[in-house]
A.B. asks: 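There's a structure below that I have some questions on.
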Number of protein chains: 2
Amino acid sequence: MDFYKNEPQTLLAVDCVILGFNGESLEILLVKRGIAPERNKWSLMGGFVYEDESPEKAASRVLKKLTNLEDLYMENCGIFGEPGREERRVVSIVYFALIDATQYRHILSEEYEAKWFPLDKHPKLIFDHEDMISTAKHTLRTKAALYPILFELLPEKFTIPQIASLYECVYNIDLDKRNFSRKLLSSGLLIKLNEKDKENSRKGAFFYRLNMDIYKEKIMSFLRYLPSWSVDE
Amino acid sequence: MDFYKNEPQTLLAVDCVILGFNGESLEILLVKRGIAPERNKWSLMGGFVYEDESPEKAASRVLKKLTNLEDLYMENCGIFGEPGREERRVVSIVYFALIDATQYRHILSEEYEAKWFPLDKHPKLIFDHEDMISTAKHTLRTKAALYPILFELLPEKFTIPQIASLYECVYNIDLDKRNFSRKLLSSGLLIKLNEKDKENSRKGAFFYRLNMDIYKEKIMSFLRYLPSWSVDE
DNA sequence: AAATTAAGTGTTAATTTGACATTAATTTTG
DNA sequence: CAAAATTAATGTCAAATTAACACTTAATTT
């Protein structure tokens with residue numbers, strides 16, 4: 001049987017706010033749009049949702065097409081569907097994706113003209129894509145306040161000064177590195193390696209990697225108004 | 001000009017997880033579905049997104065149609081678009097809405113056969129609506145851990161024991177009411193009224209109302225890994 | 001008037017936080 | 001090759017917050 005015959009159909013798209021960290025600052029990966037309208041202008045990477053896939057799947061596909069990467073950290077951070085947002089009615093679901101940009105740099109797809117820009121100094125974008133970036137930033141901040149997701153922006157092996165500067169630039173603050181490091185270490189999230197990063201300082205900073213068990217546990221562990229033992233999921 | 005001519009169109013719907021609190025436990029408002037398929041089975045209130053409105057707007061419209069209430073606290077908490085989730089391909093955007101159920105009880109629309117059920121003991125629902133409820137619950141918990149949104153479930157005037165038991169049932173825990181109340185009061189969020197609720201105890205508990213200025217401030221104020229002064233937005 | 005009930009205030013020890021000082025491991029420079 | 005420079009890492013301590021628990025208070029019921 002064929003239901004919903006007279007219901008309105010919509011063009012459904014996904015757009016990806018792809019964020020990376022270069023050790024100094026946050027970057028965003030933008031593409032030169034390949035199709036009309038607004039062809040050749042800078043925009044977020046996006047695409048339409050096919051009939052045989054979920055929006056999430058579409059976002060992964062689009063991401064992979066651009067970067068060749070799979071299983072990236074990805075999260076919905078908004079839905080843009082105001083009638084006038086494009087010439088033609090398109091509802092767009094926005095995802096932000098976190099990439100370890102150091103690993104990545106090389107593998108840029110040849111099919112797209114893509115480029116990393118400083119997150120706070122990128123070219124003007126089409127439609128409401130700048131608003132999409134704003135909500136992505138906001139979601140990133142909120143989420144990272146509860147969950148240790150910023151590690152998704154770092155290589156497998158990272159140093160404490162690296163994470164500290166990542167937090168500093170996500171929240172645009174100065175951290176007391178000593179207190180920060182103590183707090184972080186006490187979480188049990190980090191495993192110290194027997195190896196130092198000598199790139200960035202004379203003394204060198206020890207590498208750490210994530211303790212994945214704790215990483216997963218940490219989810220839902222900082223409830224306000226509630227004693228910390230109270231989490232049961 | 002007419003772009004995107006050959007792109008696939010999708011049926012786009014919204015579904016609402018409508019939550020209420022009766023002083024004892026959380027409840028969910030369900031409707032008997034009016035259209036085929038699955039006509040007359042219990043489901044979330046939903047509807048299709050019209051061509052001239054955003055999904056958010058559609059959710060408000062649908063909510064108002066059922067409850068006659070406007071400006072409810074509402075938030076997107078998931079997108080369900082797996083190809084096989086309904087007989088026909090429909091992508092559904094899920095919102096949860098918080099209602100002060102005590103005020104509400106009466107104004108149930110006549111058009112719909114709607115009924116409040118205990119959140120943890122409701123009839124079987126169509127399609128993936130039970131999964132929608134699960135994600136709504138999860139979003140509610142996460143969100144309420146950062147933001148004081150649970151007040152949206154209470155009347156304008158409420159008592160501290162009321163909020164405490166609300167938190168207890170959202171997180172399924174026992175709270176030390178004394179510590180909880182002290183913590184809450186120290187937030188500056190509450191304004192004490194000169195009036196007591198005598199319904200629920202002999203001594204009676206003072207009514208409070210929200211300090212809306214602080215309420216808005218409280219957003220983004222509990223960052224983990226960051227000193228509390230560091231918020232700048 | 002005494003018993004009962006739940007609200008609300010106090011007390012204290014343990015933990016966490018924030019501010020700051022010091023030591024340690026390197027490399028660069030003179 | 002020693003001294004200076006740089007940044008990592010550890011240490012200290014007072015202040016604030018939390019968690020656990022005892023007690024007082026206001027009102028109703030018996």
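Every chain is numbered from 1 and lettered A, B, ... according to where its sequence line falls, protein lines coming before strand lines.
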A.B. asks: Distance criterion of 3.5 Å, no angle test: do you see the side chain of A:Lys203 paired donor-to-acceptor with the base of C:dA25?
C.D. replies: no
A.B. asks: Can you tell me whether the side chain of B:Arg202 and the base of C:dA7 have a donor-acceptor pair closer than 3.5 Å?
C.D. replies: no
A.B. asks: Quick check with a 6.0 Å cut-off and a 45 degree axis cone: is A:Lys115 positioned over the face of A:Phe117's six-membered ring?
C.D. replies: yes
A.B. asks: Specify the separation, in whole Å, of atom CZ of B:Phe206 and atom P of C:dT9.
C.D. replies: 9 Å
A.B. asks: Identify which nucleotide among C:dA7, C:dG18, C:dT9 has an atom closest to any side-chain atom of B:Arg178, counting heavy atoms from C-beta outward.
C.D. replies: C:dT9
A.B. asks: Report the residue (A:Ser201 or A:Lys192) whose heavy-atom-nearest nucleotide on DNA chain D is the more 5′ of the two.
C.D. replies: A:Ser201
A.B. asks: Using whole Å, what does the distance between atom P of nucleotide D:dA8 and atom CZ of A:Phe207 come to?
C.D. replies: 12 Å
A.B. asks: Please report the distance, rounded to the nearest Å, between CG in B:Leu184 and P in D:dT18.
C.D. replies: 12 Å
A.B. asks: Output the rounded distance in Å from CG (B:Leu190) to C1' (C:dA7).
C.D. replies: 15 Å
A.B. asks: Can the ring centres of A:Phe158 and A:Phe207 be said to be less than 6.0 Å apart?
C.D. replies: no
A.B. asks: To the nearest Å, how far apart are A:Phe180 CZ and C:dT16 P?
C.D. replies: 17 Å
A.B. asks: A:Lys196 side chain N/O closer than 4.0 Å to the phosphate oxygens (OP1, OP2) of C:dT26?
C.D. replies: yes
A.B. asks: What I want to check is whether an N or O donor and acceptor connect the side chain of A:Asn179 with the base of C:dA19 at under 3.5 Å.
C.D. replies: yes
A.B. asks: Report the relative orientation of the aromatic rings in B:His129 and B:Phe127; use parallel for angles under 30°, tilted for 30 to 60°, perpendicular for over 60°.
C.D. replies: perpendicular
A.B. asks: Decide, yes or no, whether a salt bridge links A:Glu156 with A:Arg209 under the criterion of side-chain N to carboxylate O below 4.0 Å.
C.D. replies: no
A.B. asks: Rounding to an integer number of Å, can you tell me how far B:Asp176 CG sits from C:dG8 C1'?
C.D. replies: 12 Å
A.B. asks: I need the CD-P distance between B:Gln162 and C:dG8, as an integer number of Å.
C.D. replies: 11 Å
A.B. asks: Within this structure, what is the CG-to-C1' distance between B:Asp174 and D:dA20, rounded to whole angstrom?
C.D. replies: 15 Å
A.B. asks: Indicate whether the side chain of B:Asp197 and that of B:Thr159 have a donor and an acceptor atom separated by less than 3.5 Å.
C.D. replies: no
A.B. asks: Starting the side chain at C-beta, find the nucleotide from D:dT10, D:dA20, C:dT17 nearest to A:Lys183.
C.D. replies: C:dT17
A.B. asks: For C:dA14, what is the paired nucleotide under Watson-Crick or G-U wobble rules, both distances under 3.5 Å?
C.D. replies: D:dT17
